[in-house]
Amino acid sequence: MIHQLIEKQLRLAVASIDPPVDPQSIQVVICQESQYGDYMTNSLMGIARQRKLNPRQFATEIKARLELDEYCESIDVAGAGFLNFRLKTEAIGQVLRQAIANGDSLFEKAIHPRTYVVDFSSPNVAKAMHVGHIRSTILGDCLARILKLLGHKVITDNHLGDWGTQFGKLILGWKTQLNQAQLEIDPISEMERIYKSLNAACDADPALYESAKRELANLQAGDEANLAIWKRMISLSQIQFDQIYSRLGVVFDHTLGESFYNGRLKSLVQDFTSSGLAHQHEGAVKIFFDDLPELKDHPAVIQKNDGAATYTTTDLATLEYRLQHWQPDEIIYVTDGRQQLHFKEVFTAFQRWMPGHRIKLNHVWFGSILGEDGKPFKTRSGEVVKLSELLNEAEERAQKVVAEKNPNLDQATQKEIARVVGIGAVKYADLLPNRQSDYVFSWDKMLSFNGNTAPYLLYAYTRVRSIFRKLAETGEAFESTSMPEKSRLEAPEEIKLAKHLLNFGFALQAVIADWRPNFLCNYLYDLAGFFARFWEACPVLKAEPPMRQTRLGLCALTGQVLKQGLEALGLETTDKM
RNA sequence: GCGCUCGUAGCUCAGUUGGAUAGAGCAGCGGAUUUCUAAUCCGCCGGUCGCAGGUUCGAAUCCUGCCGGGCGUACCA
């Protein structure tokens, strides 16, 4: 991409300076104000300051050393010492022509691919997946997709909640009040029912609570009957998870739940104790962080006074397993922001456990989904919203709109479009806000055709497809090599669209730098906007060659980037809407 | 109390990590369709970026203090 050539030239120009400059400190970015240029750097000002040079004079000297005539129409020193670059339209055309001819993507793959483990979704066995799981699932899947697109090795792992105290009550309930018929019809609801029922009963009757604890102890001791029930609950739950993941298009390489690490927990506690990293305290085993102000008052419990491990223990064992088996460069944990303290503890404990290990651990946290009243998102009756029902409603609402806007399509096509649009709308609405902020869930907003929404972007894509459909009807085909050498970008709408196409890679990089897909959402929204304006102003099929070929080329690349970008977000596309 | 986080247009939110004149959508007002899908596009209106200091060429962004929300602060996950 051209901005990388500019950056390279800048680094070269600065390289001869003594004392030497860190090349990484020179960055070329998109110029926000197009009146100044297409790209700019403000890095020279910082260097000039350090060396007590006049910033404008320094920028002027560097400018003189650049050999960018082939790509830049102008290079200007501006303001306090900015360097602004305006691209030659011929150079832009050349990049686009090559991309079409070679089938290249408009972004660069990673030069040094890394290995990432992405830990996300993590629903609980014997419970319905609900709105509380969508952000982790959608965000984690999206990050995994983008890392893969950029050429990294990605391992996705679903760390199921398949172990814990709830199984005492569940097993007791299963033995005493299971309704087999209901279990056949709707296993999740039946398991939720017996859990709720036992939970209430145990609160009222301490003796019953003791029985539940005995069932749990038996399970943990390896009692065969209890193990069989537990396994059955997992497999029934997995069927439900698979249905949801299939609808969402989410795939896991591994599903290693908490229980997978049971065998390691005791010895891990032992390791921590014997190496002095953890200490007995009030009957429990804890790791203290007296030297860290934020964790000073929050020792991590790795063994409770009843001898059981905690999720901190499990997370440490999980981390160890992943290191040993997958050798990742980084692990990404995608969870609710409320677990920040927990992950601080785990990460800090890990550093002490394996000091000097160079793995990078990222807690990618997100805010809550709120209802229109600003309180946590619930159904009208105050229940948690089940994910399956949420997706159903999304498809139903989308279906109504499709039927209204495009009644001529047959039923099956309408339904398929509604599925793509409905699921896409939910995903996009989830990825669009800054992940760290809470957002208000609104059907009307996410299904609107105006504004930064999935339907708007998907519609832009169908417009591209529509042009190529029309082209095919005339018996012509878009030759991939047919964007002619003499073709030129002329209309301002063509040039703006073309320039924006060059910046796809910036958006992908920005996502990875901060684990924030909303940068890609915003890029695609801008792209769809530039394309819409191009569409209004620049007839494609009615244009004369070579302009016609140029415009077809722009359409082809816009379609390509929209599709790649939407798929990177986890959205499917459709040719008609 | 302590910790994390947020406060930007009437509403819902962006703002690529310190850049140039703070942007969208909705709502409100006004335009555009013999046309490749108008599920669209264009224009107008709308701001003391919570408040007060500080850092510097330059602050919505960084530091301090205050005000106001949310969350966390379990031997739950």
Side-chain angles (χ1 to χ4, degrees), chain A residues 29-33 35-36 40 42 45-46 49 55-56 78-82 84 122 124 161 163-166 258 281-286 293-298 301-312 314-315 335-342 344 365 367-368 370 372 374 401-402 404-406 421 432-434 436-440 442 444-445 447-453 455-456 458-460 462-471 503 506-507 509-511 513-514 516 518-519 521-523 525-526 529 532-533 535-543 551 555 576-577:
Chain A
V29 299
I30 299 164
C31 195
Q32 295 303 324
E33 302 288 329
Q35 53 171 322
Y36 292 120
M40 70 106 165
N42 54 34
M45 286 185 274
R49 169 157 293 275
R56 284 190 62 106
F82 298 93
N84 293 323
S122 312
N124 293 317
W163 197 252
T165 50
Q166 71 271 30
E258 292 167 7
H281 181 78
E282 294 172 350
V285 180
K286 303 181 186 177
E294 341 152 51
L295 294 180
K296 197 171 178 302
D297 300 325
H298 297 281
V301 177
I302 57 171
Q303 184 177 285
K304 301 191 272 188
N305 61 14
D306 65 0
T310 67
Y311 71 133
T312 301
T314 312
D315 276 350
T335 84
D336 194 279
R338 287 175 291 204
Q339 295 190 37
Q340 285 178 84
L341 188 59
H342 165 69
K344 236 169 236 168
W365 59 270
S368 314
L370 308 176
E372 311 251 6
V401 187
V402 176
E404 179 194 323
K405 298 284 184 188
N406 224 335
V421 173
L432 178 63
N434 181 333
Q436 293 186 332
S437 41
D438 298 343
Y439 79 91
V440 175
S442 161
D444 289 342
K445 261 177 101 171
L447 288 167
S448 166
F449 309 105
N450 294 309
N452 199 345
T453 66
Y456 178 78
L458 292 171
Y459 177 63
T462 64
R463 284 180 139 184
V464 174
R465 298 312 312 154
S466 160
I467 285 179
F468 287 101
R469 205 162 45 237
K470 274 276 171 354
L471 183 71
N503 293 336
F506 268 109
Q509 288 303 331
V511 172
D514 284 317
R516 281 175 50 181
N518 64 311
F519 290 130
C521 296
N522 290 334
Y523 169 81
Y525 177 56
D526 288 337
R533 271 160 248 144
W535 173 282
E536 297 284 330
C538 304
V540 177
L541 296 175
K542 287 179 182 164
R551 291 181 175 175
C555 290
K576 288 183 186 172
M577 271 175 79

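Keep in mind it's a predicted model, so treat the numbers as computed, not measured. Chain A is the first sequence line, chain B the second, and so forth, proteins listed ahead of strands; every chain is numbered from 1.
B/A14 and B/A9 are spaced 13 Å apart, taking the C1' atom of each and rounding to whole Å. The same atom, C1', is picked in B/A74 and in B/U12; the two are 36 Å apart, to the nearest Å. B/G25 and B/C42: their P atoms are spaced 8 Å apart (whole Å). Taking atom C1' on both nucleotides, B/G3 is separated from B/A39 by 47 Å, rounded to a whole Å. Here the separation of B/C2 from B/U64, taken at their P atoms, is 14 Å to the nearest Å. Distance noted for atom P between B/G69 and B/U56: 35 Å (whole Å). With P as the reference atom, B/G7 and B/C51 are 12 Å apart, rounded to whole Å. Here the separation of B/C44 from B/U5, taken at their P atoms, is 39 Å to the nearest Å.
Contact annotation: side chain of A/Gln340 to base of B/U5, donor-acceptor pair absent below 3.5 Å.
The two residues A/Lys542 and A/Pro539 make their nearest non-hydrogen contact at CB-CB, 4.3 Å. Of all non-hydrogen atoms in A/Glu258 and A/Trp163, the two that sit nearest each other are OE1-O, 3.2 Å. Closest approach of A/Ala78 to A/Asn84, counting heavy atoms only: CB-ND2, 3.4 Å. Heavy atoms only, all atoms of each residue included: A/His342 and A/Asp315 are closest at NE2-OD2, 2.6 Å.
Contact annotation for A/Lys296: no contact, since no heavy-atom pair falls under 4.0 Å across all strands. Using a 4.0 Å heavy-atom criterion, one finds that A/Ala532 contacts the sugar-phosphate atoms exclusively. When heavy atoms are screened at a 4.0 angstrom cut-off, A/Gln35 is found touching base atoms of the nucleic acid. A/Tyr523 comes within 4.0 angstrom of nothing in the nucleic acid, heavy atoms only. Contacts of A/Pro455 with the nucleic acid, taken as non-hydrogen atoms under 4.0 Å apart, are absent.
Contact between the side-chain N/O atoms of A/Arg533 and the OP1/OP2 oxygens of B/C42 is found at a separation under 4.0 Å. The phosphate of B/C36 (OP1 or OP2) has no side-chain N or O of A/Arg551 nearer than 4.0 angstrom. Regarding contacts with the backbone of B/A38, a side-chain N or O of A/Tyr459 is found under 4.0 angstrom from either OP1 or OP2. The phosphate of B/A20 (OP1 or OP2) has no side-chain N or O of A/Asn42 nearer than 4.0 angstrom.
With sequence neighbours left out, the side-chain contact (heavy atoms from CB on, under 4.5 Å) criterion links A/Leu341 to A/Leu295, A/His298, A/Glu345. Applying the side-chain contact (heavy atoms from CB on, under 4.5 Å) criterion to A/Ala513, with sequence neighbours excluded, gives no partner residue. Annotation: side-chain contact (heavy atoms from CB on, under 4.5 Å) contacts of A/Ser122 (sequence neighbours excluded): A/Asp119, A/Asn158, A/His159.
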* Dot-bracket notation for RNA chain B is requested: 5' to 3', Watson-Crick or G-U wobble pairs only, both distances under 3.5 Å, with ( ), [ ], | and . as defined. => (((((((..((((.....[...)))).(((((.......))))).....(((((..]....))))))))))))....
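Each of A/Thr462 and A/Trp365 has a nearest nucleotide on RNA chain B; the 5'-most of these lies closest to A/Trp365. Nucleotides of RNA chain B nearest to A/Asn84 and A/Asn518 differ in position, and the one nearer the 5' end is that of A/Asn518.
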* Structure fact -> Protein heavy-atom contacts under 4.0 Å, written 5' to 3' over nucleotides 22-28 of chain B as B (base), S (sugar-phosphate only) or - (none), form the string --SSS--
* If a protein heavy atom is under 4.0 Å from the base, mark B; if only from the sugar-phosphate, S; if neither, -; do that for nucleotides 70-77 of chain B going 5' to 3'. => SSSS-BSB
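Closest approach to the A/Tyr456 side chain among B/A14, B/C41, B/A39 is made by B/C41 (side chain taken as heavy atoms from C-beta onward).
A stacking contact links A/Phe82 to B/A20: the aromatic ring centre lies within less than 5.5 Å of the base's six-membered ring centre, and the planes differ by less than 30°.
Looking only at distances, no side-chain donor or acceptor of A/Ser448 sits under 3.5 Å from a matching main-chain atom of A/Lys445.
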